[in-house]
Amino acid sequence: LRSAQELQLQQRFDARIDAGEFIEARDWMPENYRKTLVRQISQHAHSEIVGMLPEGNWITRAPTLKRKAILLAKVQDEGGHGLYLYSAAETLGTSRDEMLAALHSGRAKYSSIFNYPTLTWADVGVIGWLVDGAAIMNQVPICRCSYGPYARAMVRICREESFHQRQGYEALLTMMQRGTDAQRAMVQDAVNRWWWPSLMMFGPPDELSPNTAQSMRWGIKRISNDELRQKFVDAAVQQAQVLGVQLPDPDLKWNEERGQHDFGAIDWDEFWRVVGGDGPCNRERLAARVKAWDDGAWVREAALAHAAKHAEPQRA
Ligand code: FAQ
């Protein structure tokens, strides 16, 4: 049985959520609200950090110095996003070490999309267009999330993601409009491979999404998985036309009555396989993160030794 005081705190919390107020780190919050936020924000942070790997694969092979400089900056931005998000999650009382230990031991999730390989340079452009495009569609509503530190981190992240999306689209436009037939075919092949995994980024269908109802009640999620996926499809169709690529779905067509596009069935078995650790690159991605953590041990030790030295009282 809950105490009268706890019930009062709960009622006050619910009223603040209903009034659209931000909840801040020191405010009282239900334990499950805290747990849900740590789960989502840490998974989001892990996605940003693991998400550096597929594109990082092309830094040494970018076709021009300009493209290389852009890609370096983009991958570095993703690292920055991961750091803001770990900081936002830390305000809820979970340490970064705990979150990273969960990632490295395979207990924590990160976005399924980063378990697919980047086979050609066109994949880098398609990640910008479709993957960053899907990320923005999902993340703009999180700028209005009820937890203040997460919402504020998302404002800057979304600005940077929208720049990333444009650079990816521009790289593809260059290949489609000024490239060779082989380059155009490379773009189409990359679109064929990334389209369906991009739709999976929004998560399972609403009726099979265990967290949506409660997260929407708490104002953590503002728009459901299926609604966001639909908005993404509608936006991508026009962008594909301008680019001159086909989206690989024979069932994709405008539905006059709904005022939206119908689209084909998503392979949810594939999605759950990848989420469960058995996608094309899951093992490679996790191994790369664990190696980076192990290789960085000396930096963490040196920083701690330095901090300890400065914390010592000054000797006369
Ligand atoms: N992959 O009940 P729901 C980026 C899990 S963008 C893996 O619907 P929820 C930028 C879900 O965690 C990518 N797992 O869950 C970038 C849950 O499992 P759990 C990251 C997934 O939380 C671009 C279970 O399935 N963006 O990094 C996925 O209400 C380019 C049931 O699902 C974010 O994280 C998936 N795709 O909704 C970087 C955005 N979908 O935890 C580099 C913030 C679902 O109960 C290069 N997150 N699951 O064991 C969200 O908006 C939400 O967490 C959703 C899932 C929409 C992802």
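Atoms within each ligand, like the ligands themselves, are counted from 1 in listed order.
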Using a strict cut-off of 4.0 Å, indicate which atoms of ligand 1 neighbour a heavy atom of [X].
{"X": "Gly51", "result": "42 (C), 46 (C)"}
{"X": "Tyr150", "result": "43 (C)"}
{"X": "Asp132", "result": "23 (C), 30 (C)"}
{"X": "Met200", "result": "36 (N)"}
{"X": "Ser47", "result": "13 (C), 20 (C), 27 (O)"}

Who pairs with Trp272 by ring-ring contact (aromatic ring centres under 6.0 Å, His included), at least two apart in sequence or on another chain?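 Partners of Trp272 by the ring-ring contact (aromatic ring centres under 6.0 Å, His included) criterion come out as none, since no residue qualifies.
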Do [Y] and [X] meet the salt-bridge criterion of a basic N to acidic O distance under 4.0 Å?
{"X": "Glu170", "Y": "Arg166", "value": "no"}
{"X": "Arg217", "Y": "Asp18", "value": "yes"}
{"X": "Asp181", "Y": "Arg184", "value": "yes"}
{"X": "Asp226", "Y": "Arg229", "value": "yes"}

Between [X] and ligand 1, find which residue part has any heavy-atom pair under 4.0 Å and reply side chain, backbone, both or neither.
{"X": "Asn225", "value": "side chain"}
{"X": "His44", "value": "both"}
{"X": "Asn211", "value": "both"}
{"X": "Phe202", "value": "backbone"}
{"X": "Phe271", "value": "side chain"}
{"X": "Ser111", "value": "both"}
{"X": "Arg39", "value": "side chain"}
{"X": "Ile113", "value": "neither"}

Can you check whether [X] has an N/O within less than 3.5 Å of an N/O in ligand 1?
{"X": "Gln43", "answer": "yes"}
{"X": "Ser215", "answer": "no"}
{"X": "Trp272", "answer": "no"}

The one among His46, Met201, His81, Glu55 that brings a heavy atom closest to atom 46 (C) of ligand 1: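 Ranked by closest heavy atom to atom 46 (C) of ligand 1, first place is Glu55.
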Identity of the nearest option to atom 38 (C) of ligand 1, non-hydrogen atoms only, from Gln139, Gln165, Arg229, Glu78: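 It is Glu78 that holds the nearest heavy atom.
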Please report which non-hydrogen protein atom sits nearest to [atom], along with the residue it belongs to and the distance in Å to one decimal place.
{"atom": "atom 47 (N) of ligand 1", "value": "Gln40 NE2, 3.5 Å"}
{"atom": "atom 3 (P) of ligand 1", "value": "Ser209 OG, 3.4 Å"}
{"atom": "atom 19 (P) of ligand 1", "value": "Lys109 NZ, 3.6 Å"}

Fit a plane to each ring of [X] and [Y], take the angle between them on a 0 to 90° scale, and name the class: parallel (under 30°), tilted (30 to 60°) or perpendicular (over 60°).
{"X": "His310", "Y": "His306", "value": "tilted"}
{"X": "His104", "Y": "Trp293", "value": "tilted"}
{"X": "Phe202", "Y": "Phe232", "value": "tilted"}

Met52: heavy atom below 4.0 Å from ligand 1, yes or no?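 The answer is no: ligand 1 sits nowhere under 4.0 Å from a heavy atom of Met52.
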Determine, using heavy atoms of His164 and all atoms of ligand 1, whether some pair is separated by less than 4.0 Å.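 Checking ligand 1 against His164, which is what was asked, there is no heavy-atom contact under 4.0 Å.
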Can you find a protein heavy atom closer to atom 56 (C) of ligand 1 than 4.0 Å?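 At least one protein heavy atom is under 4.0 Å away.
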Interatomic distance, Glu161 atom CD to Glu78 atom CD [nearest 0.5 angstrom]: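 Answer for the CD-CD pair, Glu161 versus Glu78, is 5.0 Å.
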Partners of Asp27 by salt bridge (charged side-chain N to carboxylate O under 4.0 Å, His left out), sequence neighbours excluded?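 Salt bridge (charged side-chain N to carboxylate O under 4.0 Å, His left out) list for Asp27, sorted by chain: Arg16.
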